[in-house]
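Okay, structure first, notes after.
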Amino acid sequence: MELDFGPAVRDFRDEVRDWLADHLVGEFAENRGVGGPTDGAAWEVRLAWDRELSAGGWLGVGWPQEYGGRGLGLLEEIVFEYEYARVNAPYRATVNALDLLGPMLLKMGSETQKKRFLPPILAVEELWGQGFSEPGAGSDLASVRTRAERDGDEWVVSGQKVWTSFGIHADWVYVLTRTDPQSARHKGLSLLLVPTDQPGVEIRPIRNLAGQDEFAEIFLSDARTGADMVVGEVGQGWRTAMATLGIERGTTLLPQQLTFEREAEALIDLARERGALDDPMLRRRIVDAWISVRIMRTTNLRTIAELTAGRTPGAQATTAKLYASTRHQQLGQLATELAGPAGQIVGEDYALDRRQRSFLLALAETIYGGSSEIQRNIIGEQVLGLPKEPRP
């Protein structure tokens with residue numbers, strides 16, 4: 001896939017390409033494409049790569065210079081993400097802070113919070129985890145039961161969070177909690193920044209189907225954080241959380257979509273190798289998979305065009321997550337079938353190849369970031385104008 005974003009950013013594009021060619025070498029090159037939003041593979045190598053990016057000034061390309069960024073525009077951010085994905089560089093270990101918390105602080109944080117937290121994020125000195133989901137509040141995030149009470153100059157937080165990506169590495173977590181005990185649903189919530197290095201925080205890894213522990217559950221037992229660690233207004237945490245989840249959807253989907261294209265191309269190569277293209281039924285499924293990743297490309301380009309034009313993305317941004325997650329699962333299933341018995345054989349100590357890891361990790365894609373059921377409700381109610389689903 002080749003895209004030309006126009007003459008205005010060609011010099012910047014060339015700068016990105018030259019830097020990546022010079023620095024994506026050695027163990028970094030050996031780990032091209034390693035990792036993902038639910039894949040903690042080669043963690044230390046990816047962390048070292050993030051520090052290499054930081055030293056080159058490539059983290060926070062669009063963040064203001066006073067916080068350590070380059071102060072460039074959205075188009076430059078998109079160009080960087082595209083070129084980064086094009087060379088299949090390792091998935092960034094600090095993505096939680098770079099793609100979610102950092103932009104949210106820039107949009108809704110206080111000046112003190114920005115100066116305190118943004119530079120260490122870009123310097124890869126502090127790692128972050130997200131404390132949103134709970135055992136009884138996953139896709140229905142408004143049902144959170146974690147509570148925080150004000151005690152002088154501090155908040156005291158108690159509750160349980162789950163499915164925190166890379167939580168075992170987090171120095172801080174941003175926690176959606178109920179600060180008004182009389183409130184219900186979307187009201188009375190606040191977003192707090194909580195340090196993990198204290199007696200009231202216990203982080204336990206969750207091992208997934210791929211044998212990795214990038215997910216974690218977090219237990220908060222009278223954990224404490226400063227009164228000034230509220231992002232946005234007290235009681236307005238739902239609005240802050242939604243702003244976090246909605247940030248830069250177009251730029252974060254582009255690398256994922258390029259990964260899916262590579263997997264589709266590998267699928268076609270595997271089909272040729274196995275002679276599967278002679279089977280009309282399999283050939284039809286392979287062509288359908290090839291078409292699906294092209295649809296993802298078109299959808300993402302439409303979203304990017306609206307973002308760069310200063311418009312809020314339309315319905316395609318809402319449907320992109322649902323489509324990409326379900327079609328990626330189908331792509332992985334087909335690749336596993338084509339691999340035959342070899343696709344079911346693992347290495348020593350349950351070592352998986354990339355195809356197996358992608359297939360297993362894709363099973364969670366229709367859950368995290370909003371389950372497919374919730375996505376269909378949103379599309380039905382907010383895009384198609386259908387009646388809202390009855391609530392108990």
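Numbers here are sequence positions counted from 1. Heavy-atom basis, side chains included; hydrogens, waters and symmetry copies ignored.
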Closer than 4.0 angstrom, basic N to acidic O: yes or no for R92 and E81? yes

Same cluster or not: are L361 and L322 linked, directly or through other Ile, Leu, Val, Met, Phe, Trp or Tyr residues, by side-chain heavy atoms under 4.5 angstrom apart? no

Strictly distance-based, threshold 3.5 Å: is any side-chain N or O of S358 a donor or acceptor partner for the main-chain N or O of R354? no

How about P119 and E125: do any of their side-chain heavy atoms sit closer than 4.5 Å? no

Rounded at 0.5 Å granularity, tell me how far CD in E76 sits from CD in E15. 10.5 Å

Between the side chains of D288 and R285, is the shortest nitrogen-to-carboxylate-oxygen separation below 4.0 Å, so that they form an ion pair? no

For R239, is there an ion pair with E233 - N to carboxylate O distance below 4.0 angstrom? yes

Is there a donor-acceptor pair under 3.5 Å between the side chain of K161 and the backbone N or O of L176? yes

Side chains of L59 and F80, heavy atoms from C-beta outward: is any pair under 4.5 Å? no

Could you check whether atom CG of D269 has more than 12 heavy atoms from other residues, nucleotides or ligands sitting under 6.0 Å from it? yes

Can you confirm if the NZ or CZ of R70 lies within 45° of the ring axis of F12 and under 6.0 Å from the centre of its six-membered ring? no

Check whether E261 reaches the backbone of R294 with its side chain - one donor and one acceptor, N or O, closer than 3.5 Å. no

I'd like to check the side-chain contact (heavy atoms from CB on, under 4.5 Å) partners of E154; sequence neighbours left out, ordered by chain and number. R224

Is any side-chain heavy atom of E30 closer than 4.5 Å to a side-chain heavy atom of E27? yes

To the nearest 0.5 angstrom, please state how far the CD1 atom of I378 sits from the CG atom of L384. 12.5 Å

Got a salt bridge between K388 and E381, using NZ or NE/NH1/NH2 to carboxylate O under 4.0 Å? no

For F166 and G40 the tightest heavy-atom approach is CE2-CA, 3.8 Å

In terms of heavy-atom contacts, R46 and P90 come closest through CG-CB, 4.0 Å

Report yes or no: do Y84 and L75 belong to one cluster of Ile/Leu/Val/Met/Phe/Trp/Tyr joined by side chain heavy-atom distances under 4.5 Å? yes

Single-linkage hydrophobic cluster, 4.5 Å side-chain cutoff, F219 and V144 together: no

Between T164 and Q130, is there a donor-acceptor pair closer than 3.5 Å when you use the side chain of the first and the backbone of the second? yes

E126 vs W172 side-chain heavy atoms within contact, under 4.5 Å: yes

Residues in side-chain contact (heavy atoms from CB on, under 4.5 Å) contact with V87, at least two apart in sequence or another chain: L20, L24, R32, A89

Answer yes if L47 and L100 sit in the same cluster of Ile, Leu, Val, Met, Phe, Trp and Tyr residues linked by side chain heavy atoms under 4.5 Å apart, and no otherwise. yes

Apart from F215 itself, which Ile, Leu, Val, Met, Phe, Trp or Tyr residues share its cluster (side-chain heavy atoms under 4.5 Å, direct or through members)? V162, W163, I206

State, without any angle test, whether Q160 and E217 hold a side-chain donor-acceptor pair at a distance under 3.5 Å. yes

Do other residues, nucleotides or ligands put more than 12 heavy atoms under 6.0 Å from Q198 CD? yes

Could you work out the complete set of other residues in the hydrophobic cluster of L338, with links drawn between I, L, V, M, F, W and Y side chains under 4.5 Å apart? F260, L267, I268, L270, L277, L282, I286, V287, W290, I291, V293, I295, M296, Y323, L331, L334

Check for a donor-acceptor pair, side chain of R150 on one end and backbone N or O of A227 on the other, with a separation under 3.5 Å. no

Heavy atoms only: give me the nearest H23-W49 pair and the separation to one decimal. O-CZ3, 3.6 Å

Quick check: closest heavy atoms across R376 and T326, and the distance to 0.1 Å? NH2-CG2, 4.4 Å

Roughly how far apart are K114 NZ and E66 CD, rounded to 0.5 Å? 8.5 Å

Would F359 end up clustered with V34 when hydrophobic side chains under 4.5 Å apart are linked, directly or stepwise? no

Using modelled atom types and a 3.5 Å cut-off, is there a donor and acceptor pairing between side-chain atoms of D50 and backbone atoms of A93? yes

In Å and rounded to the nearest 0.5 Å, what is the CG to CZ distance from L122 to F117? 14.0 Å

Kindly say whether L193 contributes a backbone atom to a donor-acceptor pair with the side chain of T225 at under 3.5 angstrom? yes

Charged N-O contact under 4.0 Å between E265 and R262: no

Taking every heavy atom of S165 against every heavy atom of N96, the minimum-distance pair comes out as O-ND2, 3.7 Å

Measure the CD1-CG distance between I78 and L72 for me, rounded to the nearest 0.5 Å. 12.5 Å

Determine whether a donor-acceptor pair (N or O, by modelled atom type, separation under 3.5 Å) exists between the side chain of S190 and the backbone of G235. yes

Taking only residues two or more places apart in sequence or in another chain, which ones pass salt bridge (Lys or Arg N to Asp or Glu O under 4.0 Å) with E52? none

Could you check whether atom CG of D18 has more than 12 heavy atoms from other residues, nucleotides or ligands sitting under 6.0 Å from it? yes

Can you tell me how far CZ of R357 sits from CG of L360, rounded to the nearest 0.5 angstrom? 9.5 Å

Is the closest side-chain heavy-atom distance between T94 and I121 below 4.5 Å? no

Output yes when a side-chain donor or acceptor of K321 lies under 3.5 Å from a complementary backbone atom of E365, and no otherwise. yes

Does the pair Y67 and L106 meet the rule for a side chain to side chain contact (heavy atoms under 4.5 Å, CB included), with working shown? CA-CA 10 Å; Y67 308 124; L106 286 169; 3.8 Å; yes

Does E202 come within less than 4.0 Å of R204, counting only side-chain N to carboxylate O? yes

Rest of the hydrophobic cluster containing L192 (Ile/Leu/Val/Met/Phe/Trp/Tyr, side-chain heavy atoms under 4.5 Å)? W155, V157, I168, V173, V175, V194, V201, I203, I218, L220, V230, V234

Would you tell me whether S143 and R185 have side-chain atoms, one donor and one acceptor, within less than 3.5 Å of each other? yes

S372 backbone acceptor or donor facing T366 side chain under 3.5 Å: no

Determine the minimum heavy-atom distance between T146 and E134, stating which atoms define it. OG1-OE2, 2.7 Å

So, do F132 and Y174 sit near enough that their side-chain heavy atoms are less than 4.5 Å apart? yes

Near R145 CZ, under 6.0 Å, is it more than 12 heavy atoms from other residues, nucleotides or ligands? no

Do you see a donor-acceptor pair shorter than 3.5 Å between the side chains of Q113 and R116? no

